Q: 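Quick one: this structure, given as structure tokens, is what I'll be asking you about.
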Amino acid sequence: MSVFSESSPIEVLRQALIDCRQATLKQVQPLGDRLYYRQPPGHPEFSPIGWHFGHIGFTEELWLLRHCAGQPPQQPQTHRLYAADGLPKQQREQLPSLANTCQALQQVRQRVLEYLPRAPLSQQARLWWFILQHESQHSETMAIVEALHGRKPLYVAHPAASNAPEFKSIKIPAGTFLQGNSDGNAIDNEQPAFLQHLDRYHIDRYPVTCGQYRRFIEAGGYDNRDYWSAAGWQFIRQQNIQEPLYWPQQLPQTEASHFDHYPVCGVSWYEANAYANFVGKRLPSEAEWEKAASWNPQQHRPQPYPWGTEPPQSHHCNHHRRLGGITPVHAYADHCSPWGVADMLGNVWEWTSTPFAGYSGFQSFPYQGYSQTYFDGQHYVLRGGSWTTRPWTLRNSFRNWYFPQVRELFAGFRVCERE
């Protein structure tokens, strides 16, 4: 990606679109009919992978060809099938074949690339970057559906697994920092950037590991109401939950410790909050998380990635499906934030204590429902990205959001405390 800085804006976008689509095609090509056409068993809230694949092409045509280029729809009948407000999720299994959908996406993409050289990017660039990130976000949802079908193990072998990380809490001094992102690639809910003052706090160097979380399980954490919010306790009782969704299980006791240094994954906000209560700490606010990731105290300014300004590459963090799953929390400890906080981008998303809401001065883009619909006080912010997050949506300021009971995400958390 470093070549991007030496290219024109058109070439940057063109190459990013090509690279992103190649990754999507590589992701869907090996899928059999069960994974492509079917909802994951027991999870009716998730659409089939094939729907997401078709939705990617539909959305690209809608915004770049119809809205920007003024071209007529190529296949008007696809609106009801692939629009987000079209068919109910349980009716999305009657889909065109993978081969036909690939052909349709290729036809849309060819028209998009033909339009790109004459597109007025000074007015449209933000929308083009939105479409690129839209595809990236749906690719992650497709990876979640794969996991829910039980297709792949989430934890991958890594040399760091045999070495214990150095656990410690890192002090972040009181002060003001710049939160958010006003760059052209920012999603609407990241904008505008603003000054934020925080009191001094301590945040764990690493996300909570399976070894740490196992102590919560073995201490009866799922059976002790004292650690849970009222809603969280009701949720785990009704669902009979006793461990994270992606918990490494059915292993001989001698092998269980192999996963001790991997981040816990597949926990709801309720579970993350209960664990924080168990250890006498709390979840960080999203502002505390972002300051620990982005603020450079020597330069008195934010940086887009914990390690600096270079776009994410394979040696920086675990992302873009390069390794096929989750790695130990200290596998990329050489690329921590200026404060020394590690594993903040990629690997697993991290729950925060902050309800999802717009920043002061928020303006919807490209349509009101994209973010604003979820400013309902019922969704919580996640930060950081996962092992499957693509580089175009991987940055310190990116905000994800879900209901507190959702466990299907590749999500973990870290804890913090005030002095």
Side-chain angles (χ1 to χ4, degrees), residues 1-25 55-75 82-84 104-140 178 180-193 301-305 308-313 319-320 358-359 361-372 385 389-399:
M1 291 182 64
S2 60
V3 70
F4 288 0
S5 61
E6 303 170 6
S7 305
S8 69
I10 288 177
E11 280 305 308
V12 169
L13 266 174
R14 179 184 177 85
Q15 192 60 51
L17 288 165
I18 291 171
D19 292 345
C20 188
R21 181 56 51 82
Q22 286 177 342
T24 302
L25 294 173
H55 174 74
I56 286 169
F58 166 80
T59 305
E60 182 174 338
E61 181 186 38
L62 174 66
W63 289 104
L64 298 184
L65 295 179
R66 297 193 214 174
H67 283 266
C68 291
Q71 297 181 15
Q74 192 173 37
Q75 295 179 309
Y82 290 127
L105 262 68
Q106 177 56 32
Q107 291 172 349
V108 169
R109 175 52 57 86
Q110 184 61 38
R111 293 161 63 201
V112 164
L113 294 181
E114 290 172 356
Y115 171 61
L116 176 58
R118 63 179 188 275
L121 288 186
S122 59
Q123 292 88 41
Q124 295 180 4
R126 188 181 178 194
L127 186 56
W128 286 77
W129 285 109
F130 171 83
I131 291 300
L132 180 72
Q133 294 178 86
H134 175 267
E135 179 167 343
S136 299
Q137 289 172 278
H138 276 273
S139 78
E140 181 145 1
L178 190 67
N181 184 358
S182 295
D183 292 346
N185 68 331
I187 301 297
D188 62 0
N189 61 69
E190 297 174 69
Q191 302 189 40
R301 64 183 183 187
Q303 49 194 43
Y305 313 105
T309 59
E310 185 181 13
Q313 299 187 44
H319 71 292
H320 208 8
Y359 294 155
F362 167 83
Q363 294 183 348
S364 297
F365 182 88
Y367 59 96
Q368 184 172 346
Y370 177 71
S371 295
Q372 192 167 348
T389 303
R390 295 187 179 176
W392 303 282
T393 51
L394 201 66
R395 52 183 176 270
N396 292 331
S397 59
F398 192 89
R399 308 170 78 200

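The structure presented is a predicted model; accordingly, all values stated were derived computationally and were not measured.
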Q: Please give me the minimum heavy-atom distance between L17 and R109, naming the atom from each residue.
A: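 For L17 and R109, the tightest heavy-atom pair comes out as O-NH1, 2.9 Å.
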Q: Can you name the closest pair of heavy atoms from H320 and A23 and give their distance?
A: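 In terms of heavy atoms, the two residues are closest at CE1-CB, 3.8 Å.
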Q: Stepwise, does the side-chain contact (heavy atoms from CB on, under 4.5 Å) test hold for R21 with L105?
A: CA-CA 9 Å; R21 181 56 51 82; L105 262 68; 3.9 Å; yes
Q: Which heavy atom of F58 sits nearest to which heavy atom of A83, and what is that distance?
A: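 Looking at all heavy atoms of both residues, the shortest contact is CE2-CA, 3.6 Å.
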Q: Rounded to the nearest 0.5 Å, what separation is found between the CD1 atom of I131 and the CD atom of E135?
A: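 Atom-to-atom, I131:CD1 and E135:CD are 9.5 Å apart.
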Q: Can you list the steps and then say if T393 with Q133 is a side chain to side chain donor-acceptor pair (under 3.5 Å)?
A: CA-CA 6 Å; T393 51; Q133 294 178 86; 5.9 Å; no
Q: Give a yes or no on this: more than 12 heavy atoms of other residues, nucleotides or ligands lie within 6.0 Å of atom CD of Q368.
A: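 Incorrect, the count does not exceed 12.
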Q: Are the side chains of P304 and T309 in contact, using a 4.5 Å heavy-atom criterion?
A: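 A side-chain contact under 4.5 Å exists here.
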Q: So how far is it from Y359 OH to D188 CG, rounded to the nearest 0.5 Å?
A: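 Those atoms lie 11.5 Å apart.
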Q: Given 3.5 Å as the limit, does a donor-acceptor pair link the side chain of E190 with the main chain of I187, or not?
A: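 Present.
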Q: Any luck finding a side-chain donor-acceptor pair between E114 and Q110 under 3.5 Å?
A: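 Checked: E114/Q110 side chains pair up, N/O donor to acceptor below 3.5 Å.
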Q: Kindly assign one of parallel, tilted or perpendicular to the pair H55 and H134, based on the angle between their ring planes and the thresholds 30° and 60°.
A: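 Tilted.
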Q: Take atom CZ of R66 as the centre, draw a 6.0 Å sphere, and report whether it contains more than 12 heavy atoms from other residues, nucleotides or ligands.
A: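 Counting other residues, nucleotides and ligands, CZ of R66 exceeds 12 neighbours.
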Q: Would you find a donor on one side and an acceptor on the other, under 3.5 Å apart, between the side chain of S182 and the backbone of A193?
A: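 Yes, S182 side chain to A193 backbone: donor-acceptor pair under 3.5 Å.
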Q: For a 4.5 angstrom cut-off between non-hydrogen side-chain atoms, does V112 reach W128?
A: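 Sidechains of W128 and V112: in contact.
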Q: How long is the straight-line distance from CG of L121 back to CG of L116, given to the nearest 0.5 Å?
A: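 Taking CG in L116 and CG in L121, the distance rounds to 6.0 Å.
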Q: When you measure from the side chain of N181 to the backbone N and O of D183, does any donor-acceptor pair fall under 3.5 Å?
A: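 The answer is yes, because a donor-acceptor pair under 3.5 Å joins these two groups.
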Q: Could you state the interatomic distance from SG (C20) to CG (L13), rounded to the nearest 0.5 Å?
A: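 Separation between the atoms: 11.5 Å.
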Q: Taking the side chain as every heavy atom from C-beta outward, state whether Q22 and I18 have any atom pair closer than 4.5 Å.
A: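 Counting from C-beta outward, Q22 and I18 do come under 4.5 Å.
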Q: I'd like to know if the side chain of E61 pairs up with that of Y82 as donor and acceptor (distance under 3.5 Å, no hydrogens or angles considered).
A: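 No, because no side-chain N or O of E61 sits under 3.5 Å from a partner of the opposite role on Y82.
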Q: Atom CG of L132 and atom CG of L127: how far apart are they, to the nearest 0.5 Å?
A: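 Separation between the atoms: 11.5 Å.
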Q: Please tell me if the side chains of R395 and Y305 come closer than 4.5 Å, counting only heavy atoms from C-beta onward.
A: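 They are in side-chain contact.
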Q: Do F362 and Q372 make a side-chain contact, defined as non-hydrogen atoms from C-beta onward lying under 4.5 Å apart?
A: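 Result yes, sub-4.5 Å side-chain heavy-atom pair found.
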Q: Going from CD on Q124 to CG on L64, what distance comes out if it is rounded to the nearest 0.5 angstrom?
A: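 Here the rounded value is 7.5 Å.
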Q: With side chains defined as the heavy atoms from C-beta onward, is the minimum distance between Q74 and L65 less than 4.5 Å?
A: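 No, side chains not in contact.
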Q: Looking only at heavy atoms, which two atoms of V108 and G57 are closest? And how far apart?
A: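 Smallest interatomic distance, heavy atoms only, reads CG1-O, 4.0 Å.
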Q: Looking at side-chain heavy atoms only, is the closest gap between L113 and R14 below 4.5 Å?
A: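 A side-chain contact under 4.5 Å exists here.
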Q: Per the ring-ring contact (aromatic ring centres under 6.0 Å, His included) rule, which among F130, F365, W63 passes with Y370?
A: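 With Y370 as partner, F130, F365, W63 yield a single ring-ring contact (aromatic ring centres under 6.0 Å, His included), made by F130.
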Q: For a 4.5 angstrom cut-off between non-hydrogen side-chain atoms, does L25 reach Q106?
A: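 No, every pair of side-chain atoms sits at 4.5 Å or beyond.
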